[in-house]
Amino acid sequence: MPPRIFSTLRRHPLLTAAALLCFSATTIPAYQDYQLYMSYGPGGPPYNAFGWFITRFLITPFTQEMFGAEVYQQRINQGETTTFIHLPDGKLLPRRKGEIPVVGPHAVPQRQINQLPNEEIKRNSTDALNAVATNNSKLVKLAPSHLERHTDAMWLTDAIPLSSRIQEAVQTLGEVSHIHGTSDHSVHVVLSPADAKEVIDAGWGQRRSFSRWKPVATLTRANVNIPATYNLVYAPRNQEEIEVVMELVRASLRYMSGGQR
């Protein structure tokens, strides 16, 4: 700060107090927001102040609401009615118990900040997703996520050639699902329109806040166009919820593989 400004502030204590108040009002919330961003753990954008700046000022202001299912209903009305969720005895997806968790205000990484599972449930969730991949090794493989970069994802194998993949599989470059293993252990999946609507209606998840917004692909280094049915599924809190979440992962696999499972 130039010496002349310092001299002015010394002569006017009220002005000094006002200046300090304005400075605090802008810097303290920003720092708290940065701390919240860092609390998510490593994800898609850089895990530093530069990543926070990109997320807060270049992506988050342009995001959309995350609970409306109209975009899915439109496609259902056009004939995309198939569900890939196969629960025992043909049961419908149960309503998730309790309130929906709070998801952080940043567009990326998309993380919930309460209702977090304990360490045992986190391990079991990761093991369960890995088991889904192992049991379907002809269709998917585990490899580092192109979107998250710090955790493995399920990817379609060459058994599903590019020429026969559905549009969503082309958009994600073949990435099917991943668990956020560096933080909350929520899951991202790509679902059919009918299943995506059911997940939101039953309280198990929400939309991606910038799905279908192509510029984000470049800003997050993902180099992909996030599909509209790319959904966040909340982290399971117990073994029973792990079973439901893994069925949603299997539904994603069935959809992305063109129904081959």
Side-chain angles (χ1 to χ4, degrees), residues 31-56 58-60 63 66 100-134 140-155 172-190 199 204-211 216-224 226-227 230-239 241-242 244-246 248-249 252-253:
Y31 181 66
Q32 292 173 336
D33 189 80
Y34 167 72
Q35 286 183 309
L36 177 60
Y37 170 84
M38 295 298 289
S39 74
Y40 302 147
Y47 187 54
N48 51 34
F50 178 65
W52 167 76
F53 180 86
I54 291 175
T55 294
R56 169 49 66 194
L58 301 183
I59 300 177
T60 300
T63 53
M66 295 172 281
I100 63 173
V102 177
V103 172
H106 304 88
V108 285
Q110 190 178 33
R111 299 289 188 270
Q112 63 187 74
I113 56 180
N114 68 350
Q115 300 186 28
L116 302 176
N118 60 38
E119 292 303 317
E120 179 183 7
I121 295 299
K122 287 181 178 181
R123 288 193 299 271
N124 292 348
S125 297
T126 300
D127 291 344
L129 187 139
N130 291 344
V132 172
T134 300
V140 290
K141 62 183 179 181
L142 289 173
S145 170
H146 190 50
L147 295 162
E148 283 295 322
R149 299 192 298 140
H150 297 277
T151 189
D152 281 347
M154 291 198 314
W155 293 80
T172 66
L173 306 182
E175 186 168 337
V176 176
S177 174
H178 58 253
I179 192 168
H180 300 131
T182 62
S183 54
D184 63 351
H185 281 65
S186 58
V187 179
H188 273 129
V189 292
V190 183
V199 163
W204 286 96
Q206 61 189 65
R207 296 168 55 198
R208 198 68 163 100
S209 60
F210 58 80
S211 58
V216 170
T218 302
L219 291 172
T220 60
R221 303 180 185 176
N223 197 29
V224 294
I226 302 297
Y230 183 90
N231 281 23
L232 175 74
V233 175
Y234 303 133
R237 297 165 291 184
N238 52 49
Q239 192 62 39
E241 290 191 354
I242 289 178
V244 175
V245 171
M246 287 306 116
L248 298 179
V249 170
S252 178
L253 169 56

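- Counting all heavy atoms, side chain and backbone alike, G41 lies closest to Y47 at C-CE1, 3.5 Å.
- Between the side chains of H180 and S186, at least one donor-acceptor pair of N or O atoms lies under 3.5 Å.
- In this structure a side-chain-to-backbone donor-acceptor pair under 3.5 Å is missing from T60 to H106.
- Atom CD1 of I242 sits about 12.5 Å away from atom NZ of K122, to the nearest 0.5 Å.
- For R208, the salt bridge (charged side-chain N to carboxylate O under 4.0 Å, His left out) test picks out no residue, with sequence neighbours left out.
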Compile the donor-acceptor pairs under 3.5 Å between side chains in residues 127-134 and protein atoms, sequence neighbours left out, one pair per line.
unit_1	atom_1	unit_2	atom_2	d
N130	ND2	T126	O	3.4
T134	OG1	N130	O	3.0

Could you go through the side chain to side chain contact (heavy atoms under 4.5 Å, CB included) check for V187 and L248 one step at a time?
CA-CA 10 Å; V187 179; L248 298 179; over 6 Å; no
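- H178 NE2 to H146 NE2: the interatomic distance, rounded to the nearest 0.5 Å, is 12.0 Å.
- Aromatic ring orientation, Y31 versus Y34: tilted (interplanar angle from 30° to 60°).
- The closest donor-acceptor contact from the side chain of D184 to the backbone of Q112 lies under 3.5 Å.
- A donor-acceptor pair shorter than 3.5 Å can be found between the side chains of S145 and E175.
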Quick one, Y230 with L147, criterion side chain to side chain contact (heavy atoms under 4.5 Å, CB included). Give me CA distance, side-chain angles, the key distance, then yes/no.
CA-CA 12 Å; Y230 183 90; L147 295 162; 3.3 Å; yes
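- Using modelled atom types, no side-chain atom of Q110 and backbone atom of N231 make a donor-acceptor pair closer than 3.5 Å.
- S177 places no side-chain N or O within 3.5 Å of a backbone atom of M154 that could act as its donor or acceptor partner.
- In terms of heavy atoms, P236 sits closest to S125 at CG-OG, 3.2 Å.
- Checked options Y37, W52, F50; the residue passing with P45 is Y37 (criterion: side-chain contact (heavy atoms from CB on, under 4.5 Å)).
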